[in-house]
Amino acid sequence: MDLIRTNLRELRKSLDSKEISAAELCGEYFKRIEAVDPELLSYITVTKEKALKDAENAQKLIDEGKATALTGIPLAIKDNICIDGVRTTCASKMLENFIPPYNATVIEKLNAEGYVLLGRTSMDEFAMGGSNQTSAFAKTKNPYDLECVPGGSSGGSAAAVSASLAPAALGSDTGGSIRQPSSFCGVTGIKPTYGRVSRYGLVAFASSLDQIGPICNDARDCAVILNAICGHDRHDATSARVDTPDFTEKLGQPIKGMKIALPKEFFAEGVDDAVKTAVMSAAHELEKQGAVLVECSMPGLKYAIPAYYLIACAEAASNLSRFDGIKYGFRGEGRTFEELIRDSRSRGFGEEVKRRILLGNYALSSGYYDAYYKKALALKQEIIRQYNQIFEQADVILTPTAPTPAYKIGSQDSDPVKMYQADICTVTVNIAKLPGVSTTCGYTDSGLPVGMSIIGKRFDEQTILQCADAFEQGFSPVAPKL
């Protein structure tokens, strides 16, 4: 079976028609993983034995006529989402041998659908990074150019889907960690509205910003997975008590009359010319379909990076304080309690994680809380206000997903601030708790993908998926030559 960029609907038809069994489909993906992943390094853990058991159970449901959209469908899961009995490392030495005793809520929902687990995808350590190069175990490469990064922190998930080592995957997004790697790897990824998907069982980075979402080959597949994983969860205090619509309902509907805002700050200096050209070309394609382009401004964008990193690092410092080498995780050495904790955290965490813990503790410390963290929270409210103002005149907002295409591995290692600045196009969506989807809108002269982001009103994933799908239907993606 040709697995290259095969979508979930095609796999569903093949399984239901008995053209291929769930076990055979699973086997085909493992053959490709074995052939390609030693060079790509998109997986940390491959769960072949579990997958075959999952496939056997799924086949029974298919044979009984009880299959749902994801029954027998192989998926990859980012390695910070807990799966009962399966190693969950967060790509960190701190959790190298951690095996969760429970499932995240999204995994329980996928189990109810009868999905098949291919394995755990690599990521930046504790989801901190934009390159997937801070992973302690598998520093993933970009399928379009193995000398380039795949983006992060969900780079393993994006690379696996891009290279057809999985038809779809779950990632998590704190400041663009689904959308940016989707852009770099030429696939489609959606960050749902904060609270739309339960965070229970997601190892926390920044609790007010994190959100689980799918990375797929197109917007229609994203809608299928969202239908399976969304919904209120009593285990998650931040889970929203809102009705879950059918996210496929608006797909294929015309976008005539849809107002699409283009904030000028997202196309200003610092954004690569190839990116601007591709995104504006996509905007005009949508205009040809009847959409109305609306020029607007978001002056608060210049404050987005400092506000985001102050909030995210403060929450990370708090969340990661539990990893001390005593309760669980890597255990260091020391004759005293203090020495043990110091050694465990010094050796268990990588450099980027330690950098963010230090920044977060500094921002929360006495004398600096009002000067930094409190002002960041005030900026958060101002960014929300500016988004609300734009949505008074538009249905969705269109921006570049990242200011540049994928960059060379190692090119930003000596300048972490430069890497932080690369999140400028994505972080405001998390700050304002909005949904955003990234899809490919073009390619550079060297063949690297360029992504555009469509941002929607809170809990209006249907409209951004409709818009992304409308563009995708007239766009011909190019798969990597792996």
Side-chain angles (χ1 to χ4, degrees), residues 4-5 32-44 76 78-79 91 121-125 127-166 169 171 176-189 215 217 270-278 350-352 400-426 438 440-451 477-482:
I4 304 301
R5 293 298 173 94
R32 183 155 176 80
I33 290 169
E34 289 164 8
V36 175
D37 207 49
E39 189 172 22
L40 191 64
L41 302 176
S42 63
Y43 283 88
I44 289 177
K78 187 176 179 179
D79 207 19
T121 52
S122 189
M123 55 184 282
D124 283 301
E125 184 182 8
M128 297 182 193
S131 65
N132 219 102
Q133 303 307 295
T134 69
S135 172
F137 308 121
K139 300 182 189 302
T140 310
K141 301 172 185 177
N142 191 306
Y144 283 87
D145 184 344
L146 295 176
E147 293 183 357
C148 289
V149 303
S153 62
S154 305
S157 290
V161 174
S162 177
S164 301
L165 306 188
S177 293
I178 286 173
R179 291 159 289 148
Q180 185 245 32
S182 294
S183 174
F184 283 6
C185 293
V187 290
T188 302
I215 296 174
N217 283 307
V271 178
D272 191 273
D273 287 340
V275 172
K276 289 181 191 176
T277 300
E351 293 304 310
E352 182 60 33
T401 303
T404 68
Y407 50 86
K408 295 291 184 181
I409 292 171
S411 64
Q412 296 187 8
D413 287 357
S414 61
D415 189 356
V417 175
K418 188 176 180 181
M419 185 182 294
Y420 298 166
Q421 290 291 340
D423 294 335
I424 186 68
C425 296
T426 53
S438 175
T440 308
C441 63
Y443 300 88
T444 65
D445 291 341
S446 61
L448 291 172
V450 175
V478 178
K481 296 177 182 178
L482 275 178

Is the ring pair Tyr144/Tyr443 parallel, tilted or perpendicular, if the boundaries are 30 and 60 degrees?
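Plane angle between 30° and 60°, so tilted.
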So, for [X] and [Y], which heavy atoms are closest and what is the spacing to 0.1 Å?
| X | Y | answer |
| --- | --- | --- |
| Leu146 | Ile409 | O-CD1, 3.7 Å |
| Pro150 | Gly155 | CB-O, 3.9 Å |
| Val149 | Ala406 | O-CB, 3.4 Å |
| Ser177 | Lys78 | CB-NZ, 4.4 Å |
| Ala138 | Asn132 | O-ND2, 3.6 Å |
| Gly152 | Pro181 | O-CD, 3.5 Å |

Quick one: list whatever passes side-chain hydrogen bond (donor to acceptor under 3.5 Å, both in side chains) with [X], sequence neighbours left out.
| X | result |
| --- | --- |
| Tyr43 | none |
| Thr277 | none |
| Ser162 | Arg5 |
| Ser135 | Ser122 |

Around atom NZ of Lys418, are there more than 12 heavy atoms from other residues, nucleotides or ligands closer than 6.0 Å?
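No, the 6.0 Å shell around NZ holds no more than 12 heavy atoms from other groups.
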So for atom CD, which belongs to Glu39, do other residues, nucleotides or ligands contribute more than 12 heavy atoms lying within a distance under 6.0 Å?
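Counting other residues, nucleotides and ligands, CD of Glu39 stays at 12 neighbours or fewer.
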Tyr420: what forms a ring-ring contact (aromatic ring centres under 6.0 Å, His included) with it, not counting sequence neighbours?
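For Tyr420 the ring-ring contact (aromatic ring centres under 6.0 Å, His included) partners, ignoring immediate neighbours, are Tyr309.
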With rounding to the nearest 0.5 angstrom, report the [atom1] to [atom2] distance, [X] to [Y].
| X | Y | atom1 | atom2 | result |
| --- | --- | --- | --- | --- |
| Asp37 | Lys141 | CG | NZ | 10.5 Å |
| Leu165 | Ser157 | CG | OG | 11.5 Å |
| Ser42 | Ile33 | OG | CD1 | 7.0 Å |

Test item: side-chain donor near acceptor, Thr404 and Asp272, under 3.5 Å
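No, Asp272 and Thr404 have no side-chain donor paired with an acceptor closer than 3.5 Å.
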Can you confirm whether the side chains of Thr401 and Ser183 place a donor and an acceptor under 3.5 Å from each other?
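Short answer, no.
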Given Ser154 and Ile215, is the side chain to side chain contact (heavy atoms under 4.5 Å, CB included) satisfied, shown in steps?
CA-CA 9 Å; Ser154 305; Ile215 296 174; 4.1 Å; yes
Given 3.5 Å as the limit, does a donor-acceptor pair link the side chain of [X] with the main chain of [Y], or not?
| X | Y | result |
| --- | --- | --- |
| Thr134 | Met128 | yes |
| Gln180 | Gly130 | yes |
| Gln133 | Thr140 | yes |
| Thr121 | Gly156 | no |
| Glu125 | Gly350 | yes |
| Arg32 | Ala163 | yes |
| Asn142 | Phe184 | yes |

Could you give me the CA-CA distance, side-chain angles and deciding distance for Ser153 and Asp124, then say whether side-chain hydrogen bond (donor to acceptor under 3.5 Å, both in side chains) is met?
CA-CA 5 Å; Ser153 62; Asp124 283 301; 5.3 Å; no
Among pairs that include at least one residue of residues 150-165, which meet salt bridge (charged side-chain N to carboxylate O under 4.0 Å, His left out), considering only residues two or more places apart or in two chains?
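Sorted pair list comes back empty.
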Is there a side chain to side chain contact (heavy atoms under 4.5 Å, CB included) between Ser131 and Gln412 once you walk through the steps?
CA-CA 9 Å; Ser131 65; Gln412 296 187 8; over 6 Å; no
Considering only heavy atoms from C-beta outward, does the side chain of Thr444 approach that of Val275 to under 4.5 Å?
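No, every pair of side-chain atoms sits at 4.5 Å or beyond.
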